[in-house]
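Read through the structure below, which is laid out as structure tokens, and then see the notes.
Source: prediction; values computed, not measured. Within every chain, numbering begins at 1; the chains are lettered A, B, ... in the order of the sequence lines, protein sequences first and strands thereafter.
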Amino acid sequence: MIKIAVIGIGQSLRGDDAAGPEAVRRWREKFPETAGRPEVQIEASELPGLALLDMFNEVDGAILVDAVQSSARPGTIHRLSEAELESFTSDSKSAHGWGVAETLRLRKQLTDAKVNVRIIGIEAEQMGLGAGLSKMIEDAMPGICEALEEEVNNLLK
Amino acid sequence: MKNIEVPALARVEGEGGLYIGLENGKAVEIRLDIYEPPRFFEGFLRDRFLQEVPDITARICGICPVAYQMSAAYALENALGVKISPHARALRRLMYCGEYIESHALHIYMLQAPDLLGKESALELAAEAPEVVKKALRLKKIGNELLKAIGGRSVHPVNVCVGGFYSWPDTKAIKDLLPDLEWGLQAALDTVKLALTFEYPFLEIDYEFVALHHPDEYGVIEGDILSSKGRKLSIAEYETGYIEEHVRHSNALHSHTVDSNTYMVGPLARLNLNHEQLLPNAKKALQESGVQLPIRNPYKSLIARGIELVHFYEEAIQLVKEYKPTGSAHVELKLKAGEGAGATEAPRGLLYHRYKIDGNGMVQFAKITPPTAQNLPRIEADLFALTPRIINMPEAQATLTAEHLVRSYDPCISCATHFLKLKVEEK
């Protein structure tokens, strides 16, 4: 049996950073049948850091749902492979060492175990302090849920 | 050489920068710029019920939530005049072992070792020595597993309450950790050996070391606050010896002693003051290392963390073997108005809390002094002392040596930014 993990990443108190876990939560409500399958493991994490590595244990595929910031229109859905994620990482001024991209790179250096990683990046508008998603992100949510459902079904094939 | 400036320090928790202003080859200005926003936790805590405090303060830090829970719980227990059961106390020590293990393993291997091996990051280290990084991640993960077994999850665990714990963890889940902990003890001993092979930059400072001291155990919870200059205070007397003040360039307060000295808290302070209370394996590792105490080189904090990693694995094994839930996990609280202080040793150093509560158990006042706020003025003073040694180095090397010094303290900037008083000065 193919096992996959659906992982929503982001902090609930940093504006659109919450888009990842929120999208996973809504997908779960909208597609309870897929979300309830025994081969699907669902995780939500505010700031996974290195613990993300452990979420890849014993799965064949993983979908990370995370907010991203590039120059696209807020609410844009980026569907990326692991290799494509690199283009979103270079400009970070953050001093927190372990972003998602770094952790994925570290995993590749440490293990040969193949995990088919897909990333759903949600273009954020603002990641300031405070709860609540921007309107454009809110409007994009139904589309994000559809995209996530499709990615899950692709991995389970 | 121009001034040394690092706009965003890497491999530290939180956001801060470093500035060393030079004039005629001398440091004229040194600032650790702490621009991470202030957190206002002490404000959030007002008018909250005391039982909420351990879980709210845990959120101050993702690396050392247990330290915040413990200092808060002890402070509030002191306010109520409550003493927890010996079994709950042992479980608190075990939980603290988990936090030390994960925090120290992370810092030794992923945050500081890259500096000593000339690597830009742990990623580069992983490319060259994947086995070392795998070992580091396993060492760290065992600490996380221990926290999960006691507190339900490894980041921001729950279960600690004022009076003890909400419930006893499952005995099997605790005992099942034993084989991993035994592996970890050996790996921690290897870590000390590795730490002794590194070449540390030279810097010797006559520090005032401050740590919690307990006559019967390695000081982590309870005891007196001891200074290497001879000052010994009870936890309740802490604020008579150590004072916090605001400085312009920092969203974190800075601490000093009543005689206006800077001081150091953390692994070096603990090891130098409390080495006699180390458990046998850790004591033996220290003796065999040939390291002379007191260690006065801040870069060598890594060695102290290594020895402590051995100690906390050893203590965890002992406590897991002895673990036997007995009676209620917590004592019943009788609410009354009061005031209490609590201090425990976070992996980064002494963490002090004080609360005033009313007759309904609602918090009226909260004060939290994190370890990094106490170390910040000391780090700046160290950088002053370091500058003459690095001034003739190529700029990149000088910058790296200064950054490495800051990192060797394992500063937790997110924890330290707890208060901001705005002061606008006209020039």
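- Taken to the nearest 0.5 Å, the CG atom of B/Leu123 stands 12.0 Å off from the NZ atom of A/Lys108.
- Taking every heavy atom of both residues into account, B/Lys134 and A/Leu110 meet most closely at CE-O, 2.5 Å.
- Here the closest non-hydrogen pair linking A/Leu106 and B/Ala126 is CD1-CB, 3.4 Å.
- Taking CG of A/Asn57 as the start and NZ of B/Lys141 as the end, the distance is 5.0 Å to the nearest 0.5 Å.
- Residue-environment remark: NZ (A/Lys30) exceeds the threshold of 12 foreign heavy atoms within 6.0 Å.
- By the neighbour-count criterion of 12 heavy atoms within 6.0 Å, atom CD of B/Glu124 is densely surrounded, having more than that number from other residues, nucleotides or ligands.
- Counting non-hydrogen atoms of other residues, nucleotides and ligands closer than 6.0 Å to CZ of A/Arg28 gives a total of 12 or fewer.
- Counting heavy atoms of neighbouring residues, nucleotides and ligands inside a 6.0 Å radius, atom CD of A/Glu39 exceeds 12 of them.
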